[in-house]
Amino acid sequence: MAEGQTKFNKDFFDKVEPIKLKDPLAFVLGAIDRNEAFVFKYADAVKLAGHSCPAVSGAYKLTQIALKKLYGKETPIRGEIEVKMKGGVDYKANGPISQVISFITGACGETGFHGLGGGMYSRHNLLTFDEENLPDDPKSVCSVVFQKAGTPKSVEVTYSNYMLPTDPRMGDLMPLAVRGTGTDEQIKEFGTLWHERVRKVLLDPPEGMFVVKDLS
């Protein structure tokens, strides 16, 4: 590990497939060469959220799945992707999940960049919340629609994690970890059990965890 990098204690973070996108705005303003891409790793999403959990990992994975469906073998273009979250910002984990999606795709809400030269490269209002339409499956965590801006090509990805196994020891260890009253060994054990669920979302998702619907 290079000096100055975050020292994560979960080795499987590095085994998660990265997400690559080109960002024309970064090239125009000189941050990156034309043919280079931004590379997002799961650890970047952890830094954004300040933690790692099934919601953060689910947001990362569903974004990866959606981009592959929209772009195939082409490199996705950051800033040309519109995102609609089913349900309001306060619906279940929509808020934190939308932050991860926004970070990767560049799609922002009302606080987004308004663009240059009359709106070119704008990220403003590319991410919205559809309060009137909730996910079809009430047991799901979220349903998100991704669309290539200016085209009819769109997909909906629904994420559910109720099928994840839960070790019974977590129930006793969680309050000790959250309140900080447990020993270092107990807190470490809880973190290990917690991250086994995260690992499955990212590396071994059960059937039905991510359901993709082509809306084109």
Side-chain angles (χ1 to χ4, degrees), residues 5-21 38-69 76 78 81 83-109 111-112 123 126-129 135 137 139-146 155-167 170 173-175 177-178 187-206 208-212:
Q5 291 188 11
T6 304
K7 187 177 180 180
F8 291 106
N9 61 12
K10 297 295 178 285
D11 293 341
F12 76 84
F13 283 10
D14 290 331
K15 297 179 182 178
V16 179
E17 181 184 355
I19 301 174
K20 297 181 180 181
L21 304 93
F38 281 177
V39 179
F40 294 91
K41 296 186 175 183
Y42 177 62
D44 295 322
V46 175
K47 292 176 186 178
L48 172 74
H51 68 286
S52 172
C53 70
V56 173
S57 56
Y60 180 94
K61 188 70 174 181
L62 73 85
T63 301
Q64 184 175 65
I65 290 171
L67 293 179
K68 286 184 177 181
K69 293 294 183 181
R78 196 165 185 266
I81 303 154
V83 178
K84 181 179 291 184
M85 309 286 300
K86 281 195 168 183
V89 66
D90 294 325
Y91 179 77
K92 295 190 177 182
N94 266 6
I97 287 174
S98 70
Q99 290 181 321
V100 175
I101 296 172
S102 174
F103 174 58
I104 297 171
T105 65
C108 295
T111 60
R123 312 293 164 87
L126 290 181
L127 188 148
T128 58
F129 294 85
D137 182 357
K139 294 186 296 182
S140 67
V141 177
C142 66
S143 286
V144 190
V145 176
F146 295 76
V155 296
E156 179 181 310
V157 183
T158 298
Y159 167 54
S160 303
N161 61 23
Y162 57 82
M163 67 285 290
L164 283 175
T166 301
D167 191 298
M170 289 182 63
L173 292 170
M174 187 170 188
V178 172
I187 294 174
K188 185 175 181 180
E189 182 183 6
F190 171 73
T192 298
L193 296 174
W194 176 267
H195 271 89
E196 179 56 26
R197 291 162 57 84
V198 173
R199 187 196 66 78
K200 286 194 71 67
V201 172
L202 293 167
L203 299 177
D204 187 27
M209 175 167 281
F210 296 97
V211 177
V212 181

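The structure displayed is predicted, hence computed values, not measured ones. What you see below is based on every heavy atom in this structure, not just the backbone, and it leaves out hydrogens, waters and symmetry mates.
- Looking at R78, its side chain does come within 3.5 Å of a backbone N or O of I104 through a donor-acceptor pair.
- R199 has its side chain out of reach of K15: every pair of non-hydrogen atoms, C-beta onward, lies at least 4.5 Å apart.
- Of the inter-residue distances, the one linking D14 atom CG with K41 atom NZ reads 6.0 Å to the nearest 0.5 angstrom.
- S52 places a side-chain heavy atom less than 4.5 Å from the side chain of H195.
- More than 12 heavy atoms of other residues, nucleotides or ligands shown are found within 6.0 angstrom of NZ on K92.
- Inter-residue side-chain proximity for V211 and V157 is flagged as unmet; no heavy-atom pair is nearer than 4.5 Å.
- For the residue pair T158 / S143, a side-chain donor-acceptor distance below 3.5 Å is found, with atom types taken as modelled.
- Although no hydrogens or angles enter the test, the distance criterion places a donor-acceptor pair under 3.5 Å between the side chain of N94 and the main chain of G88.
- When every heavy atom of C142 is checked against every heavy atom of L62, the shortest pair comes out as SG-CD2, 3.7 Å.
- The two atoms that bring V198 and S57 nearest to each other are CG1-CB, 3.8 Å, heavy atoms only.
- Contact record, L127 with S102: CD1-CB, 4.0 Å, taken as the closest heavy-atom pair.
- Annotation: side chain to side chain contact (heavy atoms under 4.5 Å, CB included) contacts of T128 (sequence neighbours excluded): K84.
- Within 6.0 Å of CG in D11 there are 12 or fewer heavy atoms belonging to other residues, nucleotides or ligands.
- Remark: the backbone N or O of C53 is not paired with any side-chain donor or acceptor of R197 at under 3.5 angstrom.
- Distance alone, capped at 3.5 Å, places no donor-acceptor pair between the K20 side chain and the P76 backbone.
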Where do Y162 and S140 land on the side chain to side chain contact (heavy atoms under 4.5 Å, CB included) test, with the steps shown first?
CA-CA 8 Å; Y162 57 82; S140 67; 6.0 Å; no

Should V83 and V145 be marked as a side chain to side chain contact (heavy atoms under 4.5 Å, CB included) after you check the CA-CA gap, both sets of side-chain angles, and the distance that decides it?
CA-CA 6 Å; V83 178; V145 176; over 6 Å; no

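- For the residue pair A43 and F8, the shortest heavy atom distance occurs at CB-CE1, 3.5 Å.
- At least one side-chain heavy atom of T6 sits less than 4.5 Å from a side-chain heavy atom of K47.
- For the atom pair CG (L202) and NZ (K10), the distance works out to 13.5 Å, reported to the nearest 0.5 Å.
- By the 4.5 Å heavy-atom criterion applied to side chains, I97 and M85 are counted as neighbours.
- Taking the six-membered ring where tryptophan is involved, the planes of W194 and F190 are tilted, since the angle between them lies from 30° to 60°.
- To the nearest 0.5 Å, the span separating CD1 on I81 from CG on L126 amounts to 9.0 Å.
- By the 4.5 Å heavy-atom criterion applied to side chains, I65 and V212 are counted as neighbours.
- Other residues, nucleotides and ligands contribute at most 12 non-hydrogen atoms within 6.0 Å of the NZ atom of K69.
- For Y60 against P18, the heavy-atom pair with the smallest separation is OH-CA, 3.3 Å.
- Formation of a donor-acceptor pair under 3.5 Å by the T105 side chain with backbone atoms of A107 is found in this model.
- In this structure, L164 and M209 have side chains that are in contact, with non-hydrogen atoms separated by less than 4.5 Å.
- With rounding to the nearest 0.5 angstrom, the CG atom of D204 is 9.0 Å from the CD atom of E196.
- A salt bridge links E17 to K68: one of the charged nitrogens lies within less than 4.0 Å of a carboxylate oxygen.
- The side-chain heavy atoms of F210 and S160, taken from C-beta on, include no pair separated by under 4.5 Å.
- Residues Y42 and F12 place their aromatic rings such that the two centres sit no closer than 6.0 Å.
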Given the rule in the side chain to side chain contact (heavy atoms under 4.5 Å, CB included) test, do K86 and V144 qualify, once you have shown the distances and angles that lead to the verdict?
CA-CA 6 Å; K86 281 195 168 183; V144 190; over 6 Å; no

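- Taking each heavy atom of P54 and N161 in turn, the nearest pair found is CB-ND2, 3.6 Å.
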When you look at F40 and T63, which way does the side chain to side chain contact (heavy atoms under 4.5 Å, CB included) test go after all the steps?
CA-CA 11 Å; F40 294 91; T63 301; over 6 Å; no

